[in-house]
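Below you'll find the structure, written out as structure tokens, and then a few comments.
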Amino acid sequence: MDFQLTDDQRALRRGVRELLARRFGRDALRAAVDREGTVDRKLWRELGAAGFFSLRLPEAEGGAGLGLPEAVLVFEEAGRALLNGPLVATHLAACGGLPGATDGTRMITCVTQLSSLVPHFADADAAVVIHGGSMRVRYPKELPSARAVRSMDPLTPLHRIQGGAPKAPPRPDAVLLTAAEQLGSAARTTEAAVQYAKEREQFGQPIGGFQAVKHLCAQMLVRTEVARAAVYAAAVTEDFTEIAGAKLLADEAAVQGARDCLQVYGGMGFTWEADVHLHLKRAWLRAQMWLTAAEAEEIQAEALASAL
Amino acid sequence: MDLTYTAEEEGFRARLREWLAVSLPKLPVKPGPLDWPGRRAYDTTWQRMLYDAGYGEVHWDAPPTQRLIFLEETELAGAPYVGANFVGLLHAGPTIAAEGAAEQRARWLPPVLRGDEVWCQGFSEPEAGSDLASLRTRAVRDGDSYVVTGSKIWTSHAEVADWCELLVRTDPQASRHRGITWLAMPMDAPGVTVRPLRTLAGAAEFAEMFLDEVRVPVENRVGRENDGWRVTMVTLSFERGTAFVGEVVACRRTLGELAAAARANGTWDDPVLRRSLGRLNAEFRALWRLTQWNVSESQRTGGVPGIGGSVFKLRYSHARQELYDTAAEVLGPDAFDLDREWTADRLSSLSYTIAAGTSQIQRNIVAERILGLPKGRRWTSS
Ligand SMILES: Cc1cc2nc3c(=O)[nH]c(=O)nc-3n(C[C@H](O)[C@H](O)[C@H](O)COP(=O)(O)OP(=O)(O)OC[C@H]3O[C@@H](n4cnc5c(N)ncnc54)[C@H](O)[C@@H]3O)c2cc1C
């Protein structure tokens with residue numbers, strides 16, 4: 001047993017982090033906010049060229065032949081950087097070999113991940129409909145009519161489709177990669193809170209010297225590290241119960257982490273200018289995507305019952 | 001990231017399982033929770049069996065992954081945990097192994113491994129709990145002895161111990177951390193008085209210890225005079241390493257039993273309760289993965305338990321309390337019946353956020369040592 005990142009996995013993580021720092025730094029992030037979350041297609045193609053979507057395809061099919069653990073590391077970085085766009089859906093489409101999805105020339109959303117709400121409906125080229133193991137591609141004219149929703153998350157434009165989409169059993173990899181994004185967000189808000197707590201001074205000392213603040217930060221780290229162990233292990237075992245548990249814990253780490261970060265930032269945390277709200281809104285949204293806490297808990301309970 | 005065990009590790013597991021299957025039936029009947037001499041005898045008998053089979057040193061010498069497998073398998077098989085041997089095997093022994101002179105190692109380690117001698121830990125004092133470095137029990141050098149006077153508190157297993165790893169102040173003038181010395185005190189020395197304290201669970205699990213001019217030979221000092229704080233830190237990192245592996249395994253089994261009980265008495269149909277059980281399942285599974293993560297890390301760094309132990313302990317101690325709170329919901333009014341399983345466990349679990357560093361102290365450690373936040377004015381975690 002060696003449950004630690006390999007050198008290759010570390011290098012992959014470093015590479016993705018550098019790519020995103022270069023191509024999706026603070027300015028690009030805020031530009032995306034100003035565009036109400038629509039995707040920079042040039043960046044999308046660059047992500048495609050870097051193997052973001054095709055990394056799990058066999059090399060013979062133009063992919064990198066990597067596994068779920070590597071995909072998790074990549075999506076964790078996306079979550080850290082608040083990278084916008086239907087990343088998971090396009091990745092799934094690429095895994096299904098959909099031309100254009102693999103190299104990022106097309107952007108694919110999914111109509112069965114957030115009940116009747118569809119992220120990036122207007123700017124996506126197609127949508128996948130997922131039903132357990134099966135996945136069908138639908139082009140805009142084949143989809144029911146949709147109405148734009150004023151999205152709470154500035155990085156995720158949303159549409160509501162008429163009649164709603166049937167709730168389908170989620171695909172395990174979609175659930176896990178979303179959990180990985182949550183993990184990245186949780187790690188990022190922990191870092192941001194700690195950094196702010198070291199710099200911001202009140203009463204003549206850094207606020208991080210106050211235990212009330214210190215302990216918030218410590219709990220943020222605890223939630224993040226527990227979620228990390230769960231997400232990474234689920235990537236290795238690919239066990240659906242474990243994946244559901246990982247999503248549950250990563251959702252909690254991301255949502256609560258963003259809230260605690262907001263608290264540490266004080267008034268600054270309540271501003272549009274600080275990035276904290278972007279993490280929180282995104283984390284709230286992802287927590288409802290693919291698998292909710294209630295569903296994950298029922299899956300866990302079911303696993304307990306069936307082990308009897 | 002690899003969660004599969006090597007052939008060598010699986011071989012170790014298979015041999016251990018086989019041995020457990022033939023050996024556990026030979027254990028005497030488990031004594032009652034209040035029978036301390038009986039419990040000591042039971043725990044040391046078990047340690048002797050392990051020693052004879054070559055597993056005596058597993059906590060000290062085995063690679064971390066083997067230790068993990070050992071703790072997992074013994075718990076799964078329903079074998080006893082270290083019990084009365086806790087301090088000898090997990091605190092005092094490792095300290096002597098790391099810091100003791102050759103004669104000291106030869107004198108004290110084999111009896112611990114054979115289950116012949118039991119140790120207790122005399123660190124905490126009435127005025128020195130979390131702030132351990134403020135301890136005041138005095139030791140004054142007199143010829144080839146130290147004369148020790150003061151009092152200790154919360155000393156687990158004091159009534160049945162042969163030896164006490166004792167922290168004393170040898171230089172009251174020096175700064176707090178500098179004037180402390182580590183001594184091995186024989187519990188039968190004249191001047192040692194042990195007064196049992198009853199815990200909220202009703203049992204006399206720990207005690208107060210009054211020390212009145214107790215003479216401890218200088219040769220019983222491990223490490224240099226006034227260097228006891230550093231010597232002690234070696235011990236504490238052991239405590240936070242793999243100490244909870246067996247318990248996580250046990251919690252996962254308890255959770256299964258709780259689900260069975262809930263199905264049997266109909267509380268399973270309450271979605272709030274059912275979902276709490278589900279959440280705990282995710283929680284303990286993740287804690288198991290975190291254990292594997294930490295063990296793999298210490299395997300890579302050469303066996304040193306990492307700071308990750310504080311992260312683990314924080315989450316685990318609270319999860320365990322939630323587990324028994326949920327058990328109480330499953331039990332309903334039976335949760336007030338002390339003869340019901342889980343009722344006493346629920347009470348014991350209340351100590352988890354206090355013993356071995358309170359949750360607040362663990363958060364200080366995580367915040368200051370991992371996250372690098374400023375140290376508190378008076379509190380120093382080093
Ligand atoms: C079951 C059990 C077994 C034990 N066995 C042993 C043993 O064998 N040998 C031994 O030596 N000791 C033993 N202990 C003692 C244990 O280590 C102490 O209880 C523990 O360190 C806390 O000290 P205290 O009880 O004096 O509480 P205090 O230190 O007085 O703490 C009281 C409260 O104040 C908080 N607090 C204190 N300092 C700070 C701070 N800097 N920042 C924030 N909050 C703070 C604490 O978190 C706690 O909530 C045992 C305790 C228990 C419960």
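Reminder, nothing fancy here: chain letters follow the sequence lines and each chain counts from 1.
Contacts between A/Asp239 and chain B at a heavy-atom distance below 4.5 Å involve the side chain alone, from C-beta outward. For chain A, no part of B/Leu258 is nearby; none of its heavy atoms comes within less than 4.5 Å. The contact between A/Ala294 and chain B is made by backbone and side chain atoms together, counting heavy-atom distances below 4.5 Å. If you measure heavy-atom distances from A/Leu249 to chain B, the contacts under 4.5 Å come from the side chain alone. For A/Glu242, the parts sitting under 4.5 Å from any heavy atom of chain B are the backbone and the side chain alike. Of the two parts of B/Arg274, the backbone and the side chain both hold a non-hydrogen atom closer than 4.5 Å to a non-hydrogen atom of chain A. For chain A, the nearby part of B/Trp268 is the side chain; its heavy atoms alone come within less than 4.5 Å. If you measure heavy-atom distances from A/Ala233 to chain B, the contacts under 4.5 Å come from both the backbone and the side chain. When heavy atoms are compared at a cutoff of 4.5 Å, B/Leu277 approaches chain A by way of both its backbone and its side chain. No part of B/Glu257 comes within reach of chain A, as not one of its non-hydrogen atoms sits under 4.5 angstrom from that chain. Both the backbone and the side chain of A/Val226 come within contact range of chain B, with heavy atoms under 4.5 Å apart. Proximity to chain B is limited to the side chain of A/Gln9, based on heavy atoms less than 4.5 angstrom apart.
Listed by chain and number, the residues in a side-chain hydrogen bond (donor to acceptor under 3.5 Å, both in side chains) with B/Glu9 are B/Thr6 (sequence neighbours excluded). Legend: residues meeting side-chain hydrogen bond (donor to acceptor under 3.5 Å, both in side chains) with B/Arg279, ordered by chain and number and at least two apart, are A/Glu252, A/Glu297.
The 12-atom threshold is not exceeded at CD of A/Gln263, counting heavy atoms of other residues, nucleotides or ligands nearer than 6.0 Å.
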